[in-house]
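Single-structure report; data block below.
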Amino acid sequence: MTMNIGIIGTGNFAKMHAEILMKMKEVKVQAICGTTYWKAEKLAIALGATKAYDDVKNMLDGEALDAVYICVPPMAHGTIEMELVERGVPFFIEKPLGTDLVAPSEIVTAVEKQGLVTSVGYHFRYKQSSKQVKEIIREQKVGIVSGQWMGSMPMVDWWRRQEGSGGQFIEQTTHIVDLLRFTVGEVDEVYALYNQQLMHEKVENVTVADVGTVTLKLKSGVIATIANTCILPDHTFRAGLSIYTDQGFIDWTPDSTYVNIGGTQTTVKDEVNPYIAENDAFIYALRTGDTSRIESDYRDAWRTQAVTTAALQSASLVLPVKV
């Protein structure tokens with residue numbers, strides 16, 4: 001039986017997910033919804049989708065969809081998800097869940113009341129290296145962790161505005177926060193320092209911080225620090241998570257992972273495309289009802305959102321904040 005999928009959004013991630021779905025057996029990208037009809041129509045024609053829409057309700061009224069992918073900027077979340085929940089439509093959503101925790105807290109309650117299948121695009125969880133790191137440290141005592149997301153500022157208006165993106169820690173560095181939770185454990189308290197150092201002088205309408213560091217105390221007692229910046233020039237990027245244990249250390253990056261445990265050194269490279277893996281897991285759950293392959297559902301992603309928004313609050317108050 002063919003599964004009909006709708007996609008809300010017309011950006012790079014919407015296109016990427018659509019192209020993956022189109023290669024799956026008995027899966028059809030049935031409809032595209034964009035902020036304007038011509039954007040949706042352009043992508044729909046390129047993908048061979050049946051219909052284009054510029055209104056979510058009209059798409060849901062006009063199509064019998066088995067699930068919807070939500071690929072929109074952070075400030076656009078909220079009413080879309082609630083409309084899907086009210087209609088009982090499962091959804092895959094790209095991170096982050098929003099610019100704050102208000103709408104996500106309402107949505108997570110509604111999702112669980114409906115018992116909907118959901119998945120969130122924290123694709124690092126689907127990398128073989130991430131799962132291996134999690135297994136390695138299970139038998140060790142972790143002491144301290146250091147993470148980073150260092151890059152350039154995306155030149156789109158909504159990203160540069162605090163009310164549009166929520167800031168870099170919420171919009172980008174959330175991946176590292178989520179990987180910390182996935183591999184090491186839950187966060188209990190955060191203390192953050194943010195600043196506008198350079199970009200507000202170089203680019204118009206910048207209200208987000210461009211440098212920041214967050215200290216996180218985990219429930220296990222582990223101390224972590226995660227730093228980020230968006231002041232680097234284009235095509236200059238570093239991201240990763242370094243975990244230090246009583247038996248050695250692990251340096252995880254999106255490209256490869258270096259393990260030095262007990263004097264034995266190994267390098268782990270991923271052979272599985274995590275974007276394909278997360279789509280496979282979601283479609284499998286829709287077909288079978290088995291959600292065990294989904295590494296991050298809406299509730300789990302809500303916990304990551306709680307950490308990143310607590311960090312924003314801490315930076316504003318210049319005080320530690322409990323998660």
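Bear in mind that the values here come from a model prediction, so they are computed numbers and not experimental data.
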Taking side chain to side chain donor-acceptor pair (under 3.5 Å) as the definition, give me every residue that meets it alongside [X], ordered by chain and number, with sequence neighbours left out.
| X | value |
| --- | --- |
| Glu278 | none |
| Tyr126 | none |
| His175 | none |
| Gln132 | none |

Taking side-chain contact (heavy atoms from CB on, under 4.5 Å) as the test, write out the residues that go with [X], two or more places apart.
| X | value |
| --- | --- |
| Ser129 | Lys127, Trp252, Thr257, Val268, Asp270 |
| Glu201 | none |
| Tyr284 | Thr288, Asp290, Arg293 |

Atom [atom1] of residue position [X] - does it have more than 12 heavy atoms of other residues, nucleotides or ligands inside 6.0 Å?
| X | atom1 | answer |
| --- | --- | --- |
| Arg287 | CZ | yes |
| Asp246 | CG | yes |
| Gln265 | CD | yes |

* Just say parallel, tilted or perpendicular for the rings of Phe282 and Tyr69, cut-offs at 30° and 60°. =>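 Correct class here is perpendicular.
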How long is the straight-line distance from [atom2] of [Y] back to [atom1] of [X], given to the nearest 0.5 Å?
| X | Y | atom1 | atom2 | answer |
| --- | --- | --- | --- | --- |
| Lys15 | Met22 | NZ | CE | 10.5 Å |
| Thr225 | Leu216 | OG1 | CG | 8.0 Å |
| Ile283 | Leu21 | CD1 | CG | 5.5 Å |
| Asn58 | Lys51 | CG | NZ | 11.0 Å |
| Thr10 | Leu47 | OG1 | CG | 11.0 Å |
| Lys39 | Lys42 | NZ | NZ | 10.0 Å |

[X] vs [Y] side-chain heavy atoms within contact, under 4.5 Å:
| X | Y | value |
| --- | --- | --- |
| Ile223 | Leu218 | no |
| Val206 | Val208 | yes |
| Thr35 | Val72 | no |
| Glu26 | Met3 | no |
| Leu232 | Met150 | yes |
| Asp300 | Arg181 | yes |
| Asp178 | Arg125 | yes |
| Tyr258 | Asn260 | yes |

* To do: Only pairs at least two apart or in different chains count here, so list each side-chain hydrogen bond (donor to acceptor under 3.5 Å, both in side chains) that has a residue in residues 313-323.
  => Asp188-Lys322
Check: residues 76-93 side-chain donor-acceptor pairs under 3.5 Å, at least two apart:
residue: His77; atom: ND1; partner: Glu81; partner atom: OE2; Å: 2.6
residue: His77; atom: NE2; partner: Pro96; partner atom: O; Å: 3.3
residue: Glu81; atom: OE1; partner: Gly78; partner atom: N; Å: 2.7
residue: Glu83; atom: OE2; partner: Arg87; partner atom: NE; Å: 2.7
residue: Glu83; atom: OE2; partner: Arg87; partner atom: NH2; Å: 3.1
residue: Arg87; atom: NH1; partner: Asp61; partner atom: OD1; Å: 2.9
residue: Arg87; atom: NH2; partner: Asp61; partner atom: OD1; Å: 3.0

* **Residues that Glu41 engages under salt bridge (Lys or Arg N to Asp or Glu O under 4.0 Å), provided they are two or more places apart** => none
* Could you pull out all residues at least two apart from Glu189 that satisfy salt bridge (Lys or Arg N to Asp or Glu O under 4.0 Å)? => none
Looking only at side-chain N and O atoms, does [Y] offer a donor or acceptor that is under 3.5 Å from a partner on [X]?
| X | Y | answer |
| --- | --- | --- |
| Arg160 | Thr207 | no |
| Thr36 | Asp54 | no |
| Tyr122 | Glu295 | no |
| His200 | Asp210 | no |
| Ser165 | Trp158 | no |
| His123 | Tyr275 | yes |

* Compare every heavy atom of Thr118 with every heavy atom of Ile294, then report the nearest pair and how far apart it is. =>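 Heavy atoms only, the tightest pair is CD1-O, 3.7 Å.
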* **Check: Trp149 ring centroid to Phe237 ring centroid under 6.0 Å** =>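 When the ring centroids of Trp149 and Phe237 are compared, they turn out to be within the sub-6.0 Å range.
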* Does the ring centre of Phe124 sit less than 6.0 Å away from the ring centre of Phe182? -> no
* Treating Ile, Leu, Val, Met, Phe, Trp and Tyr as nodes and any side-chain heavy-atom pair under 4.5 angstrom as an edge, say whether Trp38 and Ile45 lie in one connected cluster. =>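 No, no single cluster joins them.
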For residues 134-146, which side-chain N or O atoms pair as donor and acceptor with protein atoms under 3.5 Å away, sequence neighbours left out?
residue: Glu135; atom: OE2; partner: Arg138; partner atom: NH1; Å: 3.3
residue: Glu135; atom: OE2; partner: Arg138; partner atom: NH2; Å: 3.3
residue: Gln140; atom: OE1; partner: Thr245; partner atom: OG1; Å: 2.5
residue: Gln140; atom: NE2; partner: Ile136; partner atom: O; Å: 3.3

* **Among Val214, Leu312, Thr309, the one residue meeting side chain to side chain contact (heavy atoms under 4.5 Å, CB included) with Phe169** =>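 With Phe169 as partner, Val214, Leu312, Thr309 yield a single side chain to side chain contact (heavy atoms under 4.5 Å, CB included), made by Val214.
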* Asked: Where do Gln162 and Thr99 land on the side-chain contact (heavy atoms from CB on, under 4.5 Å) test, with the steps shown first?
  -> CA-CA 8 Å; Gln162 183 63 39; Thr99 59; over 6 Å; no
* To do: For the pair Thr253 (side chain) and Ser256 (backbone), establish whether a donor and an acceptor sit closer than 3.5 Å, ignoring hydrogens and angles.
  =>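 Confirmed, Thr253 side chain pairs with Ser256 backbone.
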